[in-house]
Amino acid sequence: MADKYEKVIELAKRRGFLWNSFELYGGTAGFYDYGPLGAMLKRRVENIWRDIFVINEGYYEIEAPTIGIEDVFIASGHVGGFSDPLTECQKCNEAFRADHLVQDIVNNPDTMSADQLTEVISRNNIKCPECGGRLGNVYEFNLMFKTSIGPGSKRTGYLRPETAQGMFVDFPRLLKFYRDHLPFGATQIGKAYRNEISPRQGVIRLREFTQAEAEIFIDPRDKTHPGFREICDIVLNFYSREDQTRGSIQKMKIKDAVDKSIIAHEFLGYCLALTYQFLVRVGIAPEKLRFRQHMKDEMAHYAADCWDAEILSERFGWVEVVGIADRTDYDLKAHAKQSKTELTVYVPYDAPRKVERSVIKPNMGILGPRFKGKAGRIADVLRSLKPEEILGDTIEITLDGEKIEIEKGAVAFESSVEEVHGENIIPHVIEPSFGIDRITYSLLEHSYFEEEAAEEGEDRMRIVLRLPPEAAPVQAAVLPLLAREELIKPAEEIIRKLRKAGILAAYDDSGTIGRRYRRNDEIGTPYSITVDYQTLEDSTVTIRDRDSMKQVRVSISDIADNIHDLVCSGKSFEDAGRKV
RNA sequence: GCGCCGGUAGUGUAGCGGUUAUCACUGAGCGUUGCCAACGCUUAAACUCGGGUUCGAAUCCCGACCGGCGCACCA
């Protein structure tokens, strides 16, 4: 029997949500096209994300190139760390991590090149751990797609493996945009690329995928969040480190999780809440959603705490769809080092602090004539001394191995008390990172329902996609009860009205009304508007609710506002019009 | 990347050396139809690709590609 994945994928293919890319030429693993309905659905998911993170949280969206230059990915660690040195057994074809095989023989195998590792393996006569066969040459498999920028392949470019780096690279500009205040955040929704060795599981692992990421820069000394109180009573399914060793999920208020230090701090707790609200709003079933904490050894060494939102899928089990991490100052430090630019924020103190400062001032009037060309470097050495080192009558320093004596008079010592108004700090980064494709698939799966149609002996199934109206690609269908001129006319007028109001509406007059309802159920159209003979008498139509199949009768004059409120403002169906 | 299994209209399938390639649903057109996949007529639409064996291949063999599962890898 077909499992739910197959049913959902079959529907998605047939009705224009998801198609295997390049099917005309046989297809290519790891790439999917979003068809007309899929693209719209995905766009709506992204727009809900925007509503939450950009509009409500104020983390403006930016758009950086999908191709990055080498420096960026050297800094991020992707050039060095996003590849693995592999070696394959010539006999059984098993692939192994070369650096793992030699870790007992050499000290730092992860810093060695492929050629060096090949040599170590052959010199130490290392064999295949599985079958004892001979191991082949070590090669680097980097998950980044590589390309060259400009003619002559002089400059290396990479397709970005995540969108995050765009926000880090633009940090100085963003800081100015936000007028030098922490916290601030920037987001990006866009494509990322990973040359997966063997992509599987449909849309779950893609070579080209869409990420929605926020990088929120905060003061490392203050990881509270002003909005925490509003969300602290939300109950989530927690799967903390402790829960995982125990093997059970625990329901808990976010407040309690922070109080008990299960979550590292308020700010992360707040991001978990946003993530929960987003996922539920797009149509993920709350009971099939949990937050799993990374185990210590699973977490990047620099990360302070990391949580994944996982969605339960019938075929794939718990699938990671969001990662929420406190990345500390790792990324900014890395880019500061690589770019040789300070990436800090000046944070003023509440009140100026008095700081005693001692300054060594070499007297260049004396040093210059005496030491000539060396004078500048000698002065630098003198300035680096500690106050207690210049207490004697003469000061002895060493420059290029040569001992030099300088009398006290050539160096002045000033000590002053200064007022300091603030300091430069490297912000910490909180990063919620969303896999939009996985979320879109999950919500198809979670909204897919088959119902036995209870109508007189008909045991035909009703397939219905219970997408939230806000996420549904087609928002309303307009259907003349019968395909007759006098009913078609008003229907066409309604369609025009809806479209003018920005509602994506579909018109259908083929076949019976029931058939058309079903067609729309299957693609999740939340409301169907039917023009019948009463319409000709009193200018009213019926709206039929996808989930309950109930109808209300409303006036044509405010049909667009009515549908708009139902789809966008969460107006309840019962309030939309007179019961039929 | 390896191993096992599979690939036939839009979808699901039958056929397993010689068929006009089966059936159902779907789609389109006409008629009919006063609210949940009704009906009648008409019609469209497929053997993944390449090579081989054979008088003849959707069917057997080899390879590629794609998909599923397991291993490995991986956010």
Side-chain angles (χ1 to χ4, degrees), chain A residues 2-3 5-7 9-16 19-31 35 82-84 86-89 91-97 100 129-131 136 139 141 143 161-162 192 194-202 204-207 209 211 294 298-300 306 308 310 315 319-323 325 433-435 438 451 453-464 479-484 487 509-522 528-536 541-546 548-551 553 580:
Chain A
D3 70 1
Y5 172 82
E6 277 172 68
K7 290 175 180 175
I9 287 296
E10 186 269 309
L11 171 68
K13 200 195 279 185
R14 187 163 44 81
R15 298 306 307 270
W19 296 325
N20 224 298
S21 294
F22 318 117
E23 227 178 354
L24 185 63
Y25 293 102
T28 300
F31 297 95
F82 207 52
S83 69
D84 296 319
L86 296 183
T87 177
E88 283 172 30
C89 172
K91 198 166 140 198
C92 69
N93 289 316
E94 198 71 45
F96 301 94
R97 288 279 297 270
H100 290 179
E130 288 290 315
C131 73
Y139 60 93
F141 189 84
L143 263 6
E162 59 177 24
R194 294 179 188 177
N195 202 1
E196 297 287 350
I197 297 170
S198 75
R200 288 270 189 83
Q201 310 175 314
I204 300 295
R205 182 181 298 173
L206 295 170
R207 289 189 166 123
F209 57 101
Q211 281 188 316
H294 278 208
E298 176 184 11
M299 212 156 54
C306 188
D308 287 344
E310 296 183 328
R315 162 87 61 107
V319 176
E320 176 205 343
V321 298
V322 186
S433 168
F434 292 69
R438 289 181 175 188
E451 291 176 355
E455 302 299 316
E456 43 203 83
E458 277 292 334
D459 56 356
R460 293 292 300 278
M461 209 141 49
R462 177 171 96 116
I463 294 174
V464 51
L479 318 168
L481 184 61
L482 300 170
R484 287 182 187 153
L487 297 180
D509 65 9
S510 90
T512 62
I513 188 73
R515 188 186 207 79
R516 287 176 270 154
Y517 286 148
R518 293 300 172 87
R519 263 206 281 255
N520 278 291
D521 288 342
E522 204 177 49
S528 296
I529 297 162
T530 307
V531 176
D532 56 18
Y533 279 92
Q534 196 177 326
T535 308
L536 303 180
V541 291
T542 62
I543 304 177
R544 177 253 195 193
D545 177 54
R546 173 197 67 202
S548 64
M549 299 196 281
K550 291 199 172 118
Q551 288 179 303
R553 186 162 279 279
V580 174

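Chain letters run A, B, ... following the sequence lines, proteins first and then strands; every chain starts at 1. The model shown is predicted, which means the values in this text are computed figures rather than measured ones.
Within 4.0 Å (heavy atoms only), A:R207 reaches no atom of the nucleic acid at all. Within 4.0 Å (heavy atoms only), A:G27 reaches sugar-phosphate atoms of the nucleic acid but no base atom. A:I513 comes within contact range of the sugar-phosphate backbone alone, with a heavy-atom separation under 4.0 Å but no base atom that close. Residue-level contact check: A:Q551 touches the bases, meaning some heavy atom is under 4.0 Å from a base atom. Residue A:E10 is in sugar-phosphate contact alone, with no base atom involved, counting any heavy-atom pair closer than 4.0 Å across all strands shown. Residue A:R200 is classed as a base contact, given a heavy-atom separation below 4.0 Å to a base. Within 4.0 Å of A:T28, counting heavy atoms only, lie sugar-phosphate atoms of the nucleic acid but no base atom. The residue A:G511 sits apart from the nucleic acid: no heavy atom pair falls under 4.0 Å. As judged by a 4.0 angstrom heavy-atom cut-off over every strand, A:E310 is placed among residues making no nucleic acid contact.
Across A:R207 and A:P199, no two heavy atoms sit closer than the pair NH2-CD, 3.3 Å. Smallest separation of non-hydrogen atoms from A:T530 and A:V541: O-CB, 3.4 Å.
Across the P atoms, B:U43 and B:C36 are found 31 Å apart, a figure rounded to whole Å. Taking atom P on both B:G68 and B:U11, the two are 16 Å apart, rounded to the nearest angstrom. Rounded to whole Å, the C1' atom of B:A57 lies 11 Å from the corresponding atom of B:C61. Rounded to whole Å, the separation between the C1' atoms of B:A46 and B:G51 comes to 23 Å. Nucleotides B:U8 and B:C47 are separated by 11 Å at their P atoms, to the nearest Å. Taking atom C1' on both nucleotides, B:U22 is separated from B:A38 by 26 Å, rounded to a whole Å.
Remark on RNA chain B: of its neighbouring residues A:P199 and A:Y517, the 5'-side contact belongs to A:Y517, judged by nearest-heavy-atom nucleotide. Nearest-nucleotide positions on RNA chain B for A:E23 and A:R438 put A:E23 closer to the 5' end.
Remark: A:R484 is in phosphate contact with B:G34, judged by side-chain N or O atoms under 4.0 Å from OP1 or OP2. In this model, the phosphate group of B:G68 is approached by a side-chain N or O of A:Y5 to a distance below 4.0 Å at OP1 or OP2. Contact annotation: A:R515 side-chain N/O to B:U26 OP1/OP2 distance is under 4.0 Å. In this model, the phosphate group of B:U26 is not approached by any side-chain N or O of A:R15 to a distance below 4.0 Å at OP1 or OP2. Contact annotation: A:T512 reaches the phosphate of B:A38 (side-chain N/O to OP1 or OP2, under 4.0 Å).
Nucleotide B:C25 holds its P atom 16 Å from the CZ atom of A:R518, rounded to whole Å. One interatomic measurement links the two molecules: CZ of A:R516 to P of B:A38, which rounds to 11 Å at whole-angstrom precision.
Distance from the side chain of A:R14 is smallest to B:G10 among B:G68, B:G34, B:G10. Of the candidates B:C35, B:C74, B:C36, B:C36 carries the atom nearest the A:M549 side chain, counting heavy atoms from C-beta on. Each of B:A28, B:C66, B:C74 was ranked by its minimum atom distance to the side chain of A:R205; first place goes to B:C74. Proximity note for A:S198 (side chain, C-beta onward) versus B:A72, B:U33, B:A28: the nearest is B:A72. Ranking B:A28, B:C36, B:C66 by closeness to the A:A29 side chain, first place goes to B:C66.
Nucleotide B:G70 has B:C2 as its partner under the Watson-Crick or G-U criteria, with both atom distances under 3.5 Å. For B:C25, the paired nucleotide is B:G10, the pair qualifying as Watson-Crick or G-U wobble because both relevant distances are below 3.5 Å. Nucleotide B:U54 is matched to nothing when pairs are restricted to Watson-Crick or G-U wobble geometry with both distances under 3.5 angstrom.
By the side chain to side chain contact (heavy atoms under 4.5 Å, CB included) test, A:R315 pairs with A:D3, A:Y5, A:E6, A:S313, sequence neighbours left out.
Note: A:M549 CE to A:Y517 OH = 11.0 Å, rounded to the nearest 0.5 Å.
In this structure, the side chains of A:R553 and A:D532 come closer than 4.5 Å at one or more pairs of heavy atoms. The closest side-chain heavy-atom distance from A:N520 to A:R546 is not below 4.5 Å.
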Let me see the working for A:R519 and A:S510 under side chain to side chain donor-acceptor pair (under 3.5 Å), right down to the final yes or no. CA-CA 11 Å; A:R519 263 206 281 255; A:S510 90; 2.8 Å; yes
